[in-house]
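Just so you know, these numbers come straight off a predicted model, no measurement behind them. Naming: A, B, ... by sequence-line order, numbering from 1 per chain. Heavy atoms only: backbone and side chains are in, while hydrogens, waters and symmetry mates are out.
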Number of protein chains: 2
Amino acid sequence: MKITFKGDYALKAILDLALHYDSGELVTSFDLSQRIDAPIKFLEQVLLELKKGGFIESRRGNIGGYRLARVPGQITVGDIVRLVDGPSEPIACVNKDYSNCADIKKCIFKGIWQKVDQATSGIIDHITFEDLASQISINQKVLSYSI
Amino acid sequence: MKITFKGDYALKAILDLALHYDSGELVTSFDLSQRIDAPIKFLEQVLLELKKGGFIESRRGNIGGYRLARVPGQITVGDIVRLVDGPSEPIACVNKDYSNCADIKKCIFKGIWQKVDQATSGIIDHITFEDLASQISINQKVLSYSI
DNA sequence: ACATATCCGATGGGATAAGTAGGAAAGAGG
DNA sequence: CCTCTTTCCTACTTATCCCATCGGATATGT
Ligand code: FES
Ligand code: FES
């Protein structure tokens, strides 16, 4: 599991949308890029990917923008990071049949990477953006969240 | 944590040396490359890195080769993979002060990546090559280990 | 001297990361 | 219909890393 800037931006964007979810309002890519400090044109691509992934929806035009396509409690960190940064395993052979090992069945390392993958998944797949959003509103009622 | 071919080769090389540790004999890069199925010239670079890291020692010349510089029980998977593939954290901000977040102290994601890192470390730092070697000799007395 | 190995630096092709640029398409308001 | 805004889409760039390959320098036993 390697988190790139793209994944980082995606997570922050979703979190921001989660914090605006109750209001029902749309958030523009401009506002988003300001708050999460991401280059707007790059962020647009990420948002498009998130849309195609089914996590957000959008409206174009004058008062357009983005909002979550689901309740924050039904989107996990793992969902987002897997979509934009790929699978969580540290090496490809864990979930695929492909490997550079002669006999994948006997490979003694595969089990290690599977454990690592499971441990990672156990964390990122159980944290929802509802969890994160509530954590923020507890810690910093007035302050803008730092993301 | 991302395992590259370099890391993969390094782990297999160390395991092979661990299996030959009791004999006290040196293993050549040629033999190593044959058994672990790695390009010899590339493997040489990896072995050099492992030597500089203090995990193996070598002798040049006619009957030269490599052997472990320590007992297999004192080398962990984490040691090797960290040396050749870098730190185990999924994003740089976990262990460094650097991040692309405005206020790293308030960043809500940092805690997640720290947990992932700890979970990963908890696995790879507790598996030694003695463990792996004994596992192989139990499973496949006659068969050559597949790595 | 010679064969055998490790050591070491340079180079190159391919993939990925992180943007930039430019515009097409859609929607609201006048 | 016209304009302004905002999303959508494609192509391009620049840098960095990965995975080697090559050519030789250096050391060592016989
Ligand atoms: S099958 Fe994945 S490292 Fe061997
Ligand atoms: S400080 Fe690491 S993601 Fe925010």
Q.
For D:dC18 and B:Thr4 - does any side-chain N or O of the residue sit under 4.0 Å from the phosphate oxygens OP1/OP2?
A. no
Q | Under 4.0 angstrom between A:Tyr9 side-chain N/O and C:dG19 OP1 or OP2 | A | yes
Q) Could you give the CG-to-C1' distance, from A:Asp85 to C:dA15, as a whole number of Å? A) 16 Å
Q. Can a donor-acceptor pair under 3.5 Å be found between the side-chain atoms of B:Glu44 and the base atoms of D:dT21?
A. no
(Q) If I take atom CZ in residue A:Phe30 and atom P in nucleotide D:dC4, what distance separates them, rounded to the nearest angstrom? (A) 18 Å
Q. Pick the nucleotide of DNA chain D nearest each of A:Ile40 and B:Ile63; which residue has the one closer to the 5' end?
A. A:Ile40
Q | C:dT20 base / A:Gln45 side chain donor-acceptor hit below 3.5 Å | A | yes
Q) Is the shortest side-chain N/O distance from A:Thr28 to OP1 or OP2 of D:dT6 below 4.0 Å? A) no
(Q) Would you compute the distance between atom CG of B:Leu48 and atom CG of B:Leu43 and round it to the nearest 0.5 angstrom? (A) 11.0 Å
Q) NA contact type, B:Lys52, heavy-atom cut-off 4.0 Å: base, sugar-phosphate, or nothing? A) sugar-phosphate
Q) Between A:Glu57 and A:Lys51, is a salt bridge (charged side-chain N to carboxylate O under 4.0 Å, His left out) present by the stated rule, with each step listed? A) CA-CA 6 Å; A:Glu57 51 194 28; A:Lys51 184 189 177 177; over 6 Å; no
Q) Is there a donor-acceptor contact under 3.5 Å from the side chain of A:Asp79 to the main chain of A:Thr76? A) yes
Q) In whole angstrom, what separates B:Ile91's CD1 from C:dA17's P? A) 13 Å
**Q.** Given D:dT30, C:dG19, D:dC8, the nucleotide with the shortest approach to the side chain of A:Leu48
**A.** D:dC8
(Q) Between P on D:dC17 and CZ on B:Phe42, what's the gap in Å once rounded to a whole number? (A) 15 Å
Q: Using only side-chain N and O atoms of A:Lys51, determine if any of them is under 4.0 Å from OP1 or OP2 of D:dC8.
A: yes
Q) Quick one: does B:Arg60 reach the base of C:dT6 with a side-chain donor-acceptor pair under 3.5 Å? A) yes
Q. What is the nucleic acid contact for B:Tyr66, judged by heavy atoms within less than 4.0 Å: base, sugar-phosphate only, or nothing?
A. sugar-phosphate
Q: Go through the N and O atoms of the side chain of B:Lys41 and the base of D:dG24, and report whether any donor-acceptor pair is under 3.5 Å.
A: yes
Q) How many Å lie between CG on A:Asp31 and P on D:dT6, as a whole number? A) 8 Å
Q | Per B:Ser58 side chain, nearest of listed nucleotides C:dA21, D:dT7, C:dC7 | A | C:dC7
Q: Figure out the CG/P separation between B:Asp8 and D:dC18, and round it to whole Å.
A: 14 Å
Q. Quick check: does any side chain N or O of A:Asp131 sit under 3.5 Å from a backbone N or O of A:Thr128, one acting as donor and the other as acceptor?
A. yes
Q: Can you tell me the distance, in whole Å, between the CG atom of A:Asn62 and the P atom of C:dG29?
A: 7 Å
Q. Roughly how far, to the nearest 0.5 Å, is CD1 of A:Ile3 from CH2 of B:Trp113?
A. 3.5 Å
(Q) Quick check on DNA chain C: between B:Gly64 and A:Gly7, whose nearest nucleotide comes earlier from the 5' end? (A) B:Gly64
Q. Tell me: CZ of A:Phe5 to P of D:dC17, nearest whole Å?
A. 13 Å
Q.
Check this for me: does any side-chain nitrogen of one of A:Asp37 and A:Lys12 sit under 4.0 Å from a carboxylate oxygen of the other?
A. no
